[in-house]
Structures are given as structure tokens and as C-alpha cells.
Novice: 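This is the structure I want to talk about, given as C-alpha cells.
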Amino acid sequence: MMKPKAKDIIRYMESLHDEEQRRVLMGFFKTGAGEYGEGDEFLGLKVPQTRDIARQVWHELPLSEVPKLLMSPWHEVRLCGLLVMVAKFERATAKRLLHDAEAIRQREEILTLYLQYAERASNWDLVDLTAPKILGKWVLLTDGDRARMTLDALADSNSLWRQRMSIVCTWTTSQAGDPTWCLRYAERHLHHPHDLMHKAVGWMLREMGKRISMELLRDFLRQHIHEMHRTTLRYAIEKMDADERHYWMAL
């Protein structure tokens, strides 16, 4: 059986074009002039459809074909390419393969490709569905200094999407019980001007507090409450009870 090609996947996804759903998605993902998703183009596929396609092809699609998906103007095709990378990375991080030399090589190859084409994850869903599962998991398996250098480079870039990767990937490190990554990049992005980053920082702080320590979250709030954007604060305290939420919002 011949291995699938990117061009065949693209042709198939284009055949599923749904004009009504396309218009809905174009509005939801803010693709108008001056909006954060300006210029993004949609076919009108729902995420479960794209997931199903990625699930069918990831094992046989060579990694060398993935950039052709990532360079597509279609949002859903880029998502498919990114989900293929997620599936390949997850397979290479199976417990039995954590120390396997070939699996380590594959993880590095996927991570390199992910960073090389990070700009093609050019909307918040493309980042959020992939950064925790590729970048976050890679951080857990990598030397701390190298991981910090990689995330620092993303955080210090001029790209909103690379910056979002640096904080959203900490969902995975917080799940694993390590709060340091979330706290480091939450503080680093505290004065970011964009609403998408205010939401991401607050979301990651909330997850860190919920999964590791509410007291650590409270300590962060005490230290930074007067410099935090209100959106960040609202997201961060979302899991607190009503009285405590009112307390923090009133400060």
C-alpha cells in the first residue's frame, strides 16, 4: 500500500468544504482586518472531522510530508498537520520508548519541525491543541537549561503565537506537579499587551493552582495583583469560591 501524501489529504479536506460553517469559523476566529486572525482561511470543517483525518493518516504519513500541510492557507489543513505531529510525538513518548535511542531521535526531529513552523500555528486553537502535547512533554523529558533556553526564545520572540506557546505548554508541566515553568512564564508575560495572552496567563495560573497548590497561586497574586491585567486575574481565580473571588477583584 502506498503511503499517503499531503496533496491527497489536502484534496480530500477541500472536498469537505462547508460554506455556512466556514463563515461561522471566520467570525469566531477573528479573521477580519486588524483582528488577531487576519488572513486566516477556513474550509468549514469541525475539529472532530480534522481529528479523524489526522487519526487515519498519522502513522503512515512521513514526517517529511507534514510541512506541506503546515504551509497550507487552510486553517483545518494546518491543524491536521499539527495533530499528525502530536500523534507521532505521543507515540515516541510511550513509556517503553522513553529511553529508546530511535524514539529520542524522533522526538527531537518533531520538536525541531514544530519550532521551525511555529508561525504556521497562527491562531489560538492551533497553539492550544499542540503546545502542551509536544512542547510541554518535551520540556519534561529535557535538560532544564536547554528547555529554559528554548522557552525563553519563544517568550522573547515578536510572535504572538510563539509567545503563547511558551505559557500554554506549562499546562503539561503543571499536570506533572512542577509549578516553576508556569510561574516563570506567567511572570514574564504579565505585562503583555494582547488579550489572548492575558487569558492564557490567567488560565495557566488557574491550572497550576488547581493541580499543584492554591497557596502558590495566592502567593503569586499577592506579589503581582496590582500589575496584573483584570482579564488575567479573572481567569486565574475562576476556581476559587465566590467570596475569595470578590476579595481579589476588589483589591
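Atoms considered below: every heavy atom in the structure, side chains included; atoms not considered: hydrogens, waters and symmetry mates.
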Novice: More than 12 heavy atoms of other residues, nucleotides or ligands under 6.0 Å from CZ of Arg230: is that the case?
Specialist: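 Yes, CZ of Arg230 has more than 12 neighbouring heavy atoms, counting only those of other groups under 6.0 Å.
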
Novice: Of all heavy-atom pairs between Thr150 and Trp138, which one has the smallest distance, and what is that distance?
Specialist: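 Closest approach of Thr150 to Trp138, heavy atoms only: OG1-CH2, 3.4 Å.
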
Novice: Run the salt-bridge test on Asp195 and Lys30 with the 4.0 Å N-O cut-off and return the result as yes or no.
Specialist: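 Salt bridge flag = no for Lys30 with Asp195.
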
Novice: Heavy atoms, side chains only, cut-off 4.5 Å: are Ile237 and Met249 in contact?
Specialist: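 Answer yes - side chains close enough.
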
Novice: Measure the SG-CZ distance between Cys80 and Arg55 for me, rounded to the nearest 0.5 Å.
Specialist: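 Going from SG on Cys80 over to CZ on Arg55, the span is 11.0 Å.
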
Novice: Same cluster for Val139 and Met149 if Ile/Leu/Val/Met/Phe/Trp/Tyr side chains link at under 4.5 Å?
Specialist: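 They do not share one cluster, since no chain of ILVMFWY contacts under 4.5 Å joins Val139 to Met149.
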
Novice: If you count the non-hydrogen atoms of other residues, nucleotides and ligands that lie under 6.0 Å from NE2 in His194, is the total more than 12?
Specialist: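 Yes, NE2 of His194 has more than 12 neighbouring heavy atoms, counting only those of other groups under 6.0 Å.
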
Novice: With side chain to side chain contact (heavy atoms under 4.5 Å, CB included) as the test, would you mind laying out the steps for Met85 and Trp58 before giving the verdict?
Specialist: CA-CA 8 Å; Met85 293 171 70; Trp58 76 266; over 6 Å; no

Novice: Rounded at 0.5 Å granularity, tell me how far CG in Asp52 sits from CD in Gln56.
Specialist: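 Asp52 CG to Gln56 CD: 4.5 Å, rounded to 0.5 Å.
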
Novice: For Leu69, does its backbone N or O pair with a side-chain atom of Arg78 as donor and acceptor, under 3.5 Å?
Specialist: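 Checked: no pair found.
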
Novice: Could you state whether Val168 and Leu141 fall into the same hydrophobic cluster, counting links through intermediate Ile, Leu, Val, Met, Phe, Trp or Tyr residues with side-chain heavy atoms under 4.5 angstrom apart?
Specialist: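 No; tracing contacts between hydrophobic side chains, which count when under 4.5 Å, never links both residues.
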
Novice: Closest heavy-atom contact between Leu61 and Pro4?
Specialist: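 So the minimum-distance heavy-atom pair works out to CD1-O, 3.3 Å.
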
Novice: Please state whether the rings of His75 and Phe42 are parallel, tilted or perpendicular, taking 30° and 60° as the class boundaries.
Specialist: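 Because their plane-to-plane angle is under 30°, the rings of His75 and Phe42 count as parallel.
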
Novice: Are Leu183 and Ile225 linked, directly or through other ILVMFWY residues, by side chains that come within less than 4.5 angstrom of each other?
Specialist: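 As far as the 4.5 Å side-chain criterion goes, Ile225 and Leu183 are connected within one cluster.
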
Novice: Nearest heavy-atom pair of Met208 and Cys182: which atoms, and what distance?
Specialist: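 Result for this residue pair: CB-SG, 3.7 Å.
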
Novice: So which of Ile134, Val127, Leu129, Leu126 actually passes side chain to side chain contact (heavy atoms under 4.5 Å, CB included) with Leu82?
Specialist: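 It is Leu126; the other options fail the test.
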
Novice: Between Trp181 and Tyr185, how do the two ring planes meet: parallel, tilted or perpendicular, split at 30° and 60°?
Specialist: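 Parallel: the ring planes of Trp181 and Tyr185 meet at under 30°.
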
Novice: For a 4.5 angstrom cut-off between non-hydrogen side-chain atoms, does Gln163 reach Ile167?
Specialist: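 Sidechains of Ile167 and Gln163: no contact.
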
Novice: Please confirm whether the backbone N or O of Lys5 pairs with a side-chain atom of Glu65, one donor and one acceptor, at under 3.5 Å?
Specialist: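 No.
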
Novice: Quick check for you: to the nearest 0.5 Å, what is the distance between Leu98 atom CG and Leu140 atom CG?
Specialist: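 Between Leu98 CG and Leu140 CG, I get 10.5 Å after rounding to 0.5 Å.
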
Novice: With distance as the sole criterion, is a donor-acceptor pair present between the side chains of Trp171 and Gln175 under 3.5 Å?
Specialist: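 Result is no, nothing qualifies.
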
Novice: Would you check, one step at a time, whether the test side chain to side chain contact (heavy atoms under 4.5 Å, CB included) holds for Met197 with His229?
Specialist: CA-CA 10 Å; Met197 290 299 290; His229 194 278; over 6 Å; no

Novice: His224 and side-chain hydrogen bond (donor to acceptor under 3.5 Å, both in side chains): which single residue from Arg222, Glu227, His226 fits?
Specialist: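 Of Arg222, Glu227, His226, side-chain hydrogen bond (donor to acceptor under 3.5 Å, both in side chains) with His224 is met by Glu227 alone.
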
Novice: Would you check if Val201 and Met228 make a side-chain contact, meaning some heavy-atom pair closer than 4.5 Å?
Specialist: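 Heavy-atom side-chain distance check fails, nothing below 4.5 Å.
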
Novice: Rounded to the nearest 0.5 Å, what's the gap from CD on Gln21 to CG on Leu16? Could you check?
Specialist: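 Rounded to the nearest 0.5 Å, the CD-CG separation comes out at 12.5 Å.
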
Novice: Tell me if a side-chain donor or acceptor on His17 pairs with a main-chain N or O of Gly44 at a distance below 3.5 Å.
Specialist: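 It does not hold such a pair.
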
Novice: How about Asp219 and Gln223: does a side-chain donor come under 3.5 Å of a side-chain acceptor?
Specialist: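 No.
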
Novice: Can you tell me how far CD of Glu38 sits from OG1 of Thr31, rounded to the nearest 0.5 angstrom?
Specialist: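 So the OG1 of Thr31 and the CD of Glu38 are separated by 9.0 Å.
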
Novice: Tell me the closest heavy-atom pair linking Val66 and Gly81, and the distance in Å.
Specialist: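 Nearest heavy atoms, Val66 then Gly81: CG1-O, 3.7 Å.
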
Novice: Verify the neighbour count for atom CD of Glu20: are there more than 12 heavy atoms of other residues, nucleotides or ligands below 6.0 Å?
Specialist: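 At most 12 heavy atoms, drawn from other residues, nucleotides or ligands, come within 6.0 Å of this atom.
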
Novice: Locate the shortest heavy-atom distance separating Pro132 from Thr172; write the atom from each residue and the value.
Specialist: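 That would be O-OG1, 2.6 Å.
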
Novice: Inspect the surroundings of NZ in Lys7 and state if more than 12 heavy atoms from other residues, nucleotides or ligands are less than 6.0 Å away.
Specialist: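 At most 12 heavy atoms, drawn from other residues, nucleotides or ligands, come within 6.0 Å of this atom.
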
Novice: Apply side chain to side chain contact (heavy atoms under 4.5 Å, CB included) to the pair Leu79 and Trp74, showing each step before the final yes or no.
Specialist: CA-CA 9 Å; Leu79 175 58; Trp74 301 119; over 6 Å; no

Novice: Taking all non-hydrogen atoms of both residues into account, name the closest pair between Ala236 and Leu221 and its distance.
Specialist: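 It is CB-CD2, 4.5 Å.
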
Novice: Have Ser166 and Arg188 got a donor and an acceptor in their side chains that come within less than 3.5 Å?
Specialist: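 Note: Ser166 and Arg188 side chains miss the donor-acceptor criterion.
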
Novice: Do the side chain of Gln49 and the main chain of Lys46 share a donor and acceptor less than 3.5 angstrom apart?
Specialist: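 Yes, Gln49 side chain to Lys46 backbone: donor-acceptor pair under 3.5 Å.
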
Novice: Are side-chain heavy atoms of Ser159 and Glu119 found at a separation under 4.5 Å?
Specialist: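 A side-chain contact under 4.5 Å exists here.
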
Novice: Any side-chain heavy-atom pair from Leu205 and Phe220 closer than 4.5 angstrom?
Specialist: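 Heavy-atom side-chain distance check passes, below 4.5 Å.
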
Novice: In Å, rounded to the nearest 0.5 Å, how long is the span from CG of Leu70 to OH of Tyr114?
Specialist: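 Leu70 CG to Tyr114 OH: 10.0 Å, rounded to 0.5 Å.
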
Novice: Side-chain contact, heavy-atom cut-off 4.5 Å: Lys210 with Leu217?
Specialist: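 Not in contact.
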
Novice: Using modelled atom types only, decide if a donor and an acceptor are shared between the side chain of Glu76 and the backbone of Leu45 within a distance under 3.5 Å.
Specialist: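 It does hold such a pair.
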
Novice: Would Glu238 and Arg234 pass as an ion pair if we require N to O under 4.0 Å?
Specialist: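 Here Glu238 does not pair with Arg234 in a salt bridge, since their nearest N and O are not under 4.0 Å apart.
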
Novice: Phe28, Leu196: one ILVMFWY side-chain cluster at the under-4.5 Å cut-off?
Specialist: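 Result: yes, single cluster for both.
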
Novice: Hey, are the side chains of Met71 and Tyr117 touching, using non-hydrogen atoms and a 4.5 Å cut-off?
Specialist: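 Counting from C-beta outward, Met71 and Tyr117 do come under 4.5 Å.
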
Novice: With no hydrogens and no angle check, is any side-chain donor or acceptor of Arg120 less than 3.5 Å from a backbone partner on Ser72?
Specialist: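 Yes: the side chain of Arg120 pairs with the backbone of Ser72.
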
Novice: Are Arg105 and Glu102 close enough for a salt bridge, meaning some N to O gap below 4.0 Å?
Specialist: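 A salt bridge is present here (some side-chain N lies under 4.0 Å from a carboxylate O).
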
Novice: Does Arg91 form a side chain to side chain contact (heavy atoms under 4.5 Å, CB included) with His59? I'd like the steps, not just the answer.
Specialist: CA-CA 9 Å; Arg91 181 177 183 273; His59 192 268; 4.1 Å; yes

Novice: According to a 4.5 Å side-chain heavy-atom criterion applied to Ile, Leu, Val, Met, Phe, Trp and Tyr, with indirect links allowed, do Tyr36 and Tyr235 form part of one hydrophobic cluster?
Specialist: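 Same cluster: Tyr36 reaches Tyr235 through Ile, Leu, Val, Met, Phe, Trp or Tyr contacts under 4.5 Å.
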
Novice: Are the side chains of Met26 and Glu41 in touch, meaning some heavy atoms are under 4.5 Å apart?
Specialist: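 Side-chain contact under 4.5 Å: yes.
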
